[in-house]
Amino acid sequence: MSTEADEVAHDTVEAAVRSQLAKAFGGVRGIVEAAVPTAAFTLSWITTEDLRLSLIISIALSVLLLVARLVQRSTPQFVINSLVGIAIGAFFASRTGDAKDYFLPGILWNGAYAVAMLVSIVTRWPVVGFLIGSVTGDPTGWHKDPGIVRLCTRLTWLLMLPCVVRVAVQLPVYLFGGGDQAVAALGLAKIAMGWPLQIAALAAMVWVLGRGRTPIKPIAPA
């Protein structure tokens, strides 16, 4: 929820977007929380080839991470997001009996996310623009400034790139790979292309944002 203080603190588009992006990432702890359940599932499957045991271990670790967050009274958002994804993957794998289906929801999600961002770019309503709207209190006012639209378009391309890379690498492995090697490859790819890729995209976005000072123009009342 935006306030006047937000608008004073963020007098440029770049500052506003940097602030909102910082809130969207969970730092080092968020990276670990996202990687541990997937790594545990992959290692368990390779070691035991017991799908049920591997799913139980993965979900149990996610729950423990969530409990730790709640006990420490820190935000559980990132763990909950990870737990939901793991639960959906576990449902897919348990229904088919194929361990590599554990990774299918993540591939589909990244594909859908990439398509949605591409549509937003093509229609000239880039999704990053709505981060500015959350600060100014006007969800669509930023769209009146062509300079802001161009900036947000470049940032949306950068935000979309990790999703495209994940699908391009993981989908062929899922479709054409088989056995333990496919599960191991998908597990390693998901870990390597999760937060590390997202952080690389964030770094690129911060670099772009650091090169300009686009003023946030107050929206006049109707």
Side-chain angles (χ1 to χ4, degrees), residues 1-10 12-44 53-93 102-103 105-110 112-113 116-117 127-137 139 155-156 158-163 166 187-207 209-210:
M1 186 173 182
S2 61
T3 64
E4 283 187 17
D6 291 326
E7 295 183 32
V8 172
H10 308 305
T12 66
V13 171
E14 289 79 8
V17 175
R18 278 198 299 269
S19 173
Q20 296 302 94
L21 286 174
K23 296 176 183 176
F25 290 83
V28 175
R29 184 170 180 176
I31 296 171
V32 173
E33 289 170 341
V36 165
T38 298
F41 172 84
T42 305
L43 291 173
S44 177
L53 175 62
S54 301
L55 293 174
I56 290 173
I57 291 174
S58 178
I59 294 173
L61 282 173
S62 297
V63 172
L64 285 175
L65 291 171
L66 177 59
V67 170
R69 282 277 191 177
L70 294 175
V71 168
Q72 294 172 354
R73 296 185 179 180
S74 60
T75 176
Q77 172 191 346
F78 303 103
V79 181
I80 291 174
N81 291 344
S82 177
L83 181 57
V84 169
I86 289 166
I88 295 173
F91 174 77
F92 272 62
Y102 176 85
F103 303 97
I107 297 172
L108 296 177
W109 170 255
N110 277 280
Y113 201 38
M117 284 190 283
V127 295
V128 173
F130 295 99
L131 295 179
I132 299 169
S134 69
V135 173
T136 62
L155 295 174
T156 302
L158 291 172
L159 191 62
M160 184 181 77
L161 188 58
C163 297
R166 290 176 193 131
L188 291 173
K190 184 170 182 178
I191 295 169
M193 296 182 177
W195 281 108
L197 261 186
Q198 208 66 44
I199 290 173
L202 176 61
M205 294 171 78
V206 169
W207 180 79
L209 290 167

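In this text the structure is predicted, and so the values were computed from the model without any measurement.
Across I59 and L83, no two heavy atoms sit closer than the pair O-CD1, 4.4 Å. Listed here is the closest heavy atom pair of M117 and L159: CE-O, 3.8 Å. Taking each heavy atom of S62 and I86 in turn, the nearest pair found is OG-CD1, 3.0 Å. Across M205 and V128, no two heavy atoms sit closer than the pair CE-CG2, 4.3 Å. Pairing each heavy atom of T38 with each of G187, the nearest pair is CG2-O, 4.1 Å. The shortest heavy-atom contact between A201 and L158 is CB-O, 3.6 Å.
The distance from the CG atom of L64 to the CZ atom of R69 is 14.0 Å, given to the nearest 0.5 Å. Atom CE of residue M160 and atom CG of residue N110 lie 12.0 Å apart, to the nearest 0.5 angstrom.
Y113 places none of its side-chain heavy atoms less than 4.5 Å from the side chain of V127.
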| message | If you apply the rule side-chain contact (heavy atoms from CB on, under 4.5 Å), what do you find for F41 with I57, and how did you get there? | response | CA-CA 7 Å; F41 172 84; I57 291 174; over 6 Å; no
| After noting the C-alpha distance and the side-chain angles of S54 and Y102, does the key distance pass the side-chain contact (heavy atoms from CB on, under 4.5 Å) rule? | CA-CA 10 Å; S54 301; Y102 176 85; over 6 Å; no
